[in-house]
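We count ligands from 1, going down the list as the structure has it; atoms in each ligand are counted the same way. Positions are given from 1, in the same order as the sequence printed here.
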Amino acid sequence: MIDLAEALALVESTAAPLPPRRQRLLEAVGRRLAAGIVADCDSPPWDRAMMDGFAVRNADFAGAAGSAVELDVVVDLAAGDVTQLVVRDGCCARIMTGAPLPPGAEAVVPVECAIDGTGSSHAGSRVRLVDPRFRVGQHVGRQGAAFRRGQEVLASGVELRAAEVGLAAEAGATHVVAEPRVRVAILQTGSELVECDREPAFGQTRNSNGPMLAAAVSLLGGEPIPLGIAADKPEAIRAAVAQGLAADILLLSGGVSAGDLDLVPEIFRQCGVEKVFHKVRLKPGKPVWFGRLVRGGGEAGTLVFGLPGNPASSLVCFELFVRPALRILAGRPRDEWHLPRSTAVLTAATKAAPDRPVYLPCRIGRVDGELTATPLPWTGSSDLLGLADARGLIALPAGGGRFEPGTEVEVVLRW
Ligand code: AMP
Ligand code: MG
């Protein structure tokens with residue numbers, strides 16, 4: 001059994017950033033590019049009408065000085081329509097926003113400028129236009145005005161948010177090279193477990209860890225790979241573990257403490273996973289197991305966590321141990337590895353354990369600019385209700401004794 005600080009240091013020194021991965025554009029949302037994106041087209045891709053109206057020649061309006069200009073409408077162009085027809089002097093095309101300007105046309109006069117009810121004129125009729133503010137080339141999005149084919153539109157290091165994703169899509173990037181989305185296989189062991197969509201029979205327990213850990217992984221930007229439930233049989237667990245070792249991280253819950261059916265540490269050993277630590281002085285979460293599968297050829301190995309079966313313990317261990325591993329693999333900076341810690345003033349008495357540090361769910365408040373921590377009613381390592389209500393964890397050092405209201409304690413925040 002080791003201390004929490006030592007265990008966390010071991011996780012930090014064992015985990016290493018994964019190389020960037022080529023991934024589908026939408027899979028990379030929220031991650032930083034590891035290679036710039038070069039446009040495969042101009043934007044706009046051609047001279048484009050930016051208003052509904054009539055595509056005209058500049059010369060027809062040059063001397064008009066705000067008086068009416070009467071033109072032949074030679075073609076109708078909706079967005080998506082193209083034409084070979086050339087617009088000559090005295091002619092125009094009826095055009096909709098988003099359509100390419102026809103050859104010969106140089107500007108768009110908005111439909112609102114049509115007079116004498118000629119705004120609805122189509123090919124074959126005439127239109128009368130008055131545009132007192134006419135400018136040469138107006139209301140045309142010029143080809144390449146925003147960016148050019150071959151131009152780097154997004155640089156390496158840029159984080160892909162909505163606008164960046166739109167830009168990448170416009171520039172033709174269906175795939176990008178970006179920080180990796182860490183793949184996390186999630187496996188539950190226990191012959192008593194049934195999936196949550198089932199009505200548990202007497203003696204059966206719903207697999208709440210599965211969805212809970214998948215959610216925790218998703219919230220950190222990882223990709224959960226649910227492997228379901230393996231019964232407490234060596235062959236079943238071994239087969240599922242072997243499958244899970246293809247991921248970047250394998251999270252297994254249950255079967256890691258010291259009971260007769262706690263087969264997991266031995267199976268890890270048989271599968272070539274090297275133990276880094278087993279059991280940490282911590283409540284809840286003491287049975288936690290951590291190791292690494294080493295692959296040949298300098299390839300990154302799979303990090304393996306055996307989490308306690310009790311759901312609240314499992315989640316506390318996830319937040320303390322798995323979170324930093326996932327962050328490190330994803331290449332995030334050190335200040336994002338762990339949940340932030342602070343001091344807070346207790347609003348109600350609580351008790352420490354004699355032998356190991358205790359983490360207790362609490363509400364966090366603020367009085368006169370100071371944080372307060374209110375312990376929540378909580379029955380312990382299987383109680384998710386108390387944990388669901390919590391916005392922090394009070395961290396009490398080992399040594400036993402009561403902590404009275406008004407005492408300053410350490411809290412882990414943003415639970
Ligand atoms: P174990 O760590 O396998 O000894 O399990 C400890 C306790 O957690 C037992 O009461 C199990 O039934 C329960 N448990 C184990 N796995 C899960 C799970 N996936 N979901 C909910 N409870 C579980
Ligand atoms: Mg079990």
Side-chain angles (χ1 to χ4, degrees), residues 1-2 7 184-219 222 224-241 243-244 247 249-271 273 275 277-291 304-323 353 356 358-361 378-390:
M1 186 132 60
I2 61 172
V184 185
I186 298 173
L187 169 65
Q188 278 65 55
T189 70
S191 299
E192 77 282 25
L193 300 178
V194 293
E195 290 302 1
C196 296
D197 54 2
R198 293 257 308 276
E199 185 79 37
F202 183 68
Q204 292 184 324
T205 297
R206 281 200 174 117
N207 172 19
S208 47
N209 286 352
M212 176 182 74
L213 295 171
V217 167
S218 293
L219 287 170
I225 305 169
L227 298 183
I229 299 165
D232 290 314
K233 301 243 183 328
E235 323 76 65
I237 300 178
R238 209 177 294 120
V241 165
Q243 200 186 339
I249 296 179
L250 168 59
L251 287 187
L252 174 150
S253 77
V256 290
S257 46
D260 283 351
L261 288 180
D262 292 336
L263 310 159
V264 167
E266 173 57 16
I267 289 168
F268 283 157
R269 199 187 59 73
Q270 291 166 3
C271 291
V273 184
K275 182 178 90 173
F277 61 75
H278 185 194
K279 297 203 167 91
V280 175
R281 264 183 287 277
L282 171 67
K283 186 180 179 180
K286 180 168 102 177
V288 64
W289 194 101
F290 174 58
V304 179
F305 291 89
L307 304 177
N310 270 312
S313 305
S314 222
L315 190 57
V316 169
C317 288
F318 180 95
E319 294 295 357
L320 293 177
F321 303 108
V322 183
R323 170 185 281 269
R356 50 199 163 126
V358 180
Y359 281 71
L360 297 169
W378 190 51
T379 61
S381 55
S382 69
D383 180 358
L384 283 179
L385 186 64
L387 215 52
D389 218 7

Original post:
Purely on distance, is any nitrogen or oxygen of Q188 under 3.5 Å from one on ligand 1?
Top reply: no
Subject >> Min N/O separation V256 to ligand 1 under 3.5 Å >> reply: no
Within less than 4.0 angstrom of ligand 1, does [X] place any heavy atom?
X	answer
M212	no
G190	no
G210	no

Original post:
How many angstroms lie between CZ in R206 and CD in E195, if you round to the nearest 0.5 Å?
Top reply: 11.0 Å
Original post:
Looking at residues at least two apart in the chain, or sitting in another chain, which of them share a ring pair (Phe, Tyr, Trp, His ring centres under 6.0 Å) with F305?
Top reply: F290
Check whether any side-chain heavy atom of [X] sits under 4.5 Å from a side-chain heavy atom of [Y], and report yes or no.
X	Y	result
L282	R356	no
P224	V184	no
E192	D232	yes
V288	L307	yes
V304	F268	yes
Q243	L187	no

Subject >> Numbered atoms and elements of ligand 1 in range of R206, under 4.0 angstrom, heavy atoms >> reply: 20 (N), 21 (C)
**OP:** Report, in ascending order of atom number, the atoms of ligand 1 lying under 4.0 Å from any heavy atom of L193.
**Re:** 16 (N), 17 (C), 18 (C), 19 (N), 23 (C)
How far is [atom] from its nearest protein heavy atom, and which residue and atom name does that atom have?
atom	value
atom 4 (O) of ligand 1	S257 OG, 3.9 Å
atom 18 (C) of ligand 1	N209 ND2, 3.4 Å
atom 19 (N) of ligand 1	N207 OD1, 2.9 Å
atom 20 (N) of ligand 1	S208 N, 3.2 Å
atom 9 (C) of ligand 1	E192 OE2, 4.1 Å

Examine the proximity of ligand 1 to [X] and report which part, side chain or backbone, both or neither, has a heavy atom under 4.0 Å away.
X	answer
P311	side chain
I229	neither
N310	both

Original post:
Evaluating non-hydrogen atoms only, which member of S253, G309, G255 is closest to atom 3 (O) of ligand 1?
Top reply: G255
Subject >> Result of checking N207, N310, N209 against S253 for side-chain hydrogen bond (donor to acceptor under 3.5 Å, both in side chains) >> reply: N209
Original post:
Considering all heavy atoms of both residues, which atom of A312 and which atom of G380 are nearest to each other, and what is their separation?
Top reply: CB-O, 3.8 Å
